[in-house]
Novice: 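Structure below; questions to follow.
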Amino acid sequence: MAQLWGGRFTKETDQLVYNFNASISFDQKFYKEDMEGSMAHVKMLAAVGILTEDERDQILEGLQGILADVESGKLEITSEYEDIHSFVEANLIDRIGDAGKKLHTGRSRNDQVALDMKLYTRKEIENLKGLVKELLQVLHQLMKEHIDTFMPGFTHLQKAQPITLAHHFGAYMEMFKRDYSRLCDIYDRMNYCPLGSGALAGTTYPLDREMTAQLLGFAGPTLNSMDSVSDRDYVIELLSAMSTIMMHLSRFSEEIIIWNSNEYRFVELDDAYSTGSSIMPQKKNPDIAELVRGKTGRVYGALMQMLTTMKGIPLAYNKDMQEDKEFTFDAIDTVKGCLALFTGMIKTMTVNKKAMEQSAKNGFTNATDAADYLVGKGVPFRDAHGIVGQLVLYCIEKNISLDDMTLEEYQKISPVFEEDIYEAISLETCVEKRETIGAPSHSSMEQVIAINEEYLKTL
Ligand code: ARG
């Protein structure tokens with residue numbers, strides 16, 4: 001049990017206490033960030049004259065050696081150390097002797113761990129942004145391909161009005177664009193360096209906090225040392241943004257599961273993204289979509305855990321905050337996995353245009369347009385609504401669609417109908433007449449696709 005703080009203790013820590021307290025099993029995930037932070041700290045200590053250049057170089061070389069050995073597998077991070085910070089410092093002293101004992105000058109594990117967590121999550125925000133970007137690119141491509149693929153739009157999961165698949169994908173495009181911008185916002189807000197805040201009240205050394213902030217790519221140093229060591233807002237914000245990403249992926253997954261079902265057959269998932277049944281030979285299941293939907297709970301759980309962990313903590317650092325890691329790491333890995341798989345799944349699925357179009361035709365999705373037709377001929381909307389209601393009832397009884405009715409049948413219900421009703425309620429007309437920005441017509445979708453094309457260039 002190698003501990004950094006044994007001096008004032010007369011007894012060994014109880015083994016159970018040691019295990020309960022230790023974080024090495026999970027904070028080893030940011031070994032690299034820990035050493036990067038230490039390197040910046042050491043460079044700064046030398047620049048302000050606290051370390052000699054020789055000491056600085058010895059420490060930097062030592063840290064680089066440890067990093068290389070960990071990466072190559074030559075040096076294993078083991079549970080004999082309490083946390084990653086102890087592991088690095090103990091190994092450094094083993095390697096370079098007395099100079100290593102100066103690494104922690106003007107630093108506490110409180111500002112160190114605050115820095116490590118920021119460096120780690122900041123890197124992961126960039127990875128998440130990359131994955132959301134790939135999803136946006138695939139959606140953009142699909143929108144371009146399906147600008148004229150008609151399908152029913154739903155409300156209450158009942159067929160409502162005809163739209164196109166491009167329009168449907170476009171809704172998700174907007175959601176994931178917002179997700180992307182949320183990740184950017186979090187990055188900008190969190191990007192201030194806590195190093196130099198010490199345990200809680202800064203240090204008595206003349207540290208150059210601007211320098212370490214700059215070396216580590218931050219916009220500047222944080223402005224309150226108490227807040228710096230106890231702020232985990234950015235973890236909560238990231239978990240919240242990731243929960244929203246999962247909510248979007250989950251809604252989309254649910255639709256794909258429905259569309260891929262035997263009843264709908266709007267899409268067919270690629271064999272590479274489907275699984276079979278151990279007993280039913282005919283089965284091809286959408287397990288990936290179901291898992292993405294299922295894993296959403298896991299990410300929401302991490303958000304709730306973190307909000308709850310933080311809510312009663314007095315200033316400044318308290319050990320509760322060590323609980324910021326495991327669920328957050330798991331949530332990040334989960335969201336990254338879901339984004340990558342989901343993107344692959346929709347990229348490879350095939351769209352059954354015929355089934356979608358047939359479904360739009362069969363479900364009275366043009367009923368609103370039939371009513372609008374009558375309004376165009378001078379019938380008040382409420383009366384038109386009633387007349388079309390009668391048409392629908394008639395069709396349901398005869399098991400036909402509005403397009404299948406003869407003009408005589410139309411005119412029996414209302415003499416206002418003329419030959420041009422067929423044109424007025426065709427799928428093409430229903431979609432093409434909706435041409436305000438944001439609506440599904442070919443021309444408005446082209447406008448949106450052009451805007452998205454420019455937007456994607458800025459990412
Ligand atoms: N493992 C600790 C954490 O993750 C590091 C900070 C320890 N600080 C302390 N005062 N005990 O929060």
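For reference, positions follow the sequence shown, starting with 1. For ligands, and for the atoms within them, numbers begin at 1 and follow the listed sequence. A quick note: this is a predicted structure, and the numbers were derived from the prediction, not measured. When reading the values below, keep in mind they use all heavy atoms of this one structure, side chains included, and skip hydrogens, waters and symmetry mates.
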Novice: To which protein heavy atom is atom 12 (O) of ligand 1 closest, and what is the distance rounded to 0.1 Å?
Specialist: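 The protein heavy atom lying closest is Y317 OH, 2.4 Å.
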
Novice: Counting each atom of ligand 1 from 1 as listed, which ones have a heavy atom of S23 under 4.0 Å away?
Specialist: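 Per the distance check, 1 (N).
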
Novice: Decide, yes or no, whether a salt bridge links K361 with E357 under the criterion of side-chain N to carboxylate O below 4.0 Å.
Specialist: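 The answer is yes: the pair qualifies as a salt bridge.
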
Novice: Between L303 and F327, is the side-chain contact (heavy atoms from CB on, under 4.5 Å) condition met? List the steps.
Specialist: CA-CA 8 Å; L303 171 61; F327 279 41; over 6 Å; no

Novice: Can you list the atoms of ligand 1 that are under 4.0 Å from a heavy atom of Q322?
Specialist: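 Close to Q322: 1 (N), 2 (C), 3 (C), 4 (O), 12 (O).
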
Novice: Determine the interplanar angle of the H248 and F176 rings, folded into 0 to 90°, and report it as parallel if under 30°, tilted if 30 to 60°, perpendicular if over 60°.
Specialist: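 Perpendicular: the ring planes of H248 and F176 meet at over 60°.
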
Novice: Just say parallel, tilted or perpendicular for the rings of F342 and F252, cut-offs at 30° and 60°.
Specialist: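 Tilted: the ring planes of F342 and F252 meet at 30° to 60°.
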
Novice: Looking only at non-hydrogen atoms, which of N110, D320, D111, D324 approaches atom 8 (N) of ligand 1 most closely?
Specialist: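 Looking at heavy atoms only, the winner is N110.
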
Novice: Out of all atoms in ligand 1, which are within 4.0 Å of some heavy atom of K325? Include the element for each.
Specialist: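 Here the atoms of ligand 1 in question are 3 (C), 4 (O), 12 (O).
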
Novice: Take the angle between the ring planes of H168 and W259 and call it parallel below 30°, perpendicular above 60°, tilted in between.
Specialist: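 Perpendicular.
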
